[in-house]
Amino acid sequence: KQEVTQIPAALSVPEGENLVLNCSFTDSAIYNLQWFRQDPGKGLTSLLLIQSSQREQTSGRLNASLDKSSGRSTLYIAASQPGDSATYLCAVSQSNSGYALNFGKGTSLLVTP
Amino acid sequence: EAGVAQSPRYKIIEKRQSVAFWCNPISGHATLYWYQQILGQGPKLLIQFQNNGVVDDSQLPKDRFSAERLKGVDSTLKIQPAKLEDSAVYLCASSWLTGVGLSGNTIYFGEGSWLTVV
């Protein structure tokens, strides 16, 4: 059974810092991996999607990498801003489970001015 | 483009009562998902529909939860009778196809229905 773990559970950084969020998964036979953002009281917004054949994806100040063989992904946020404060969730999908998303518990990020 | 609509946004009920949540997906999206997110946890898939057929309901507690998607558009998730451990956010999501990431197939989430069982 696929298990997705995110470390750290919570993180507080001053504005301007670069930071890394970690995601690991136990079954490397994934179809793709996604990073989501969740603001308090809101739904999830997809940030980046990495296909299993890809190594990384970039969008603005965000960069996500994937090492499928070791079961790891990182989300790098450059020059953090208070508006980046949110919970970041990692999810993997697998073809043998109908491509359903399997989520980690998330990392709660607070960026202080 | 309108997003995924859910109602009600908030509901407080007593244990053993029943509750129903409604979801209207993005127009044209064939796949609809219901997720349960307990405070401090990631979302857990309850049921996935492709049009009006069920693709996956392996994690749906069928003794108390039911869901339907008549006509392959709107969907309703019902809980009867509710237990204290059902307190959670119920997220509805939709995508063009099953298989998020296929040919740019993106999943979109609603803002959720918050349930408190007392």
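These numbers come from the heavy atoms of this one structure, side chains and all, not from hydrogens, waters or symmetry mates. Letters A, B, ... are given to chains in the order of the sequence lines, protein chains preceding strands, and every chain is numbered from 1.
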Select one option (side chain, backbone, both, neither) describing which atoms of B/Q6 are under 4.5 Å from chain A's heavy atoms. neither
Per-residue contact mode, A/Q6 against chain B (heavy atom under 4.5 angstrom): neither
Contacting moiety of A/L89, where chain B heavy atoms sit under 4.5 Å: side chain
Given side chains that start at C-beta, do those of B/Q36 and B/K44 come closer than 4.5 Å, heavy atoms only? yes
Note: vs chain A, highest number of non-hydrogen pairs under 4.5 angstrom among B/Q37, B/R9, B/E111 is B/E111
Closer than 4.0 angstrom, basic N to acidic O: yes or no for A/R61 and A/D84? yes
Tightest non-hydrogen contact, residues A/L33 and A/C90, listed as CD1-SG, 3.9 Å
If we ignore hydrogens and angles and just use 3.5 Å, is the side chain of A/T107 paired with the main-chain N or O of A/Y88 as donor and acceptor? no
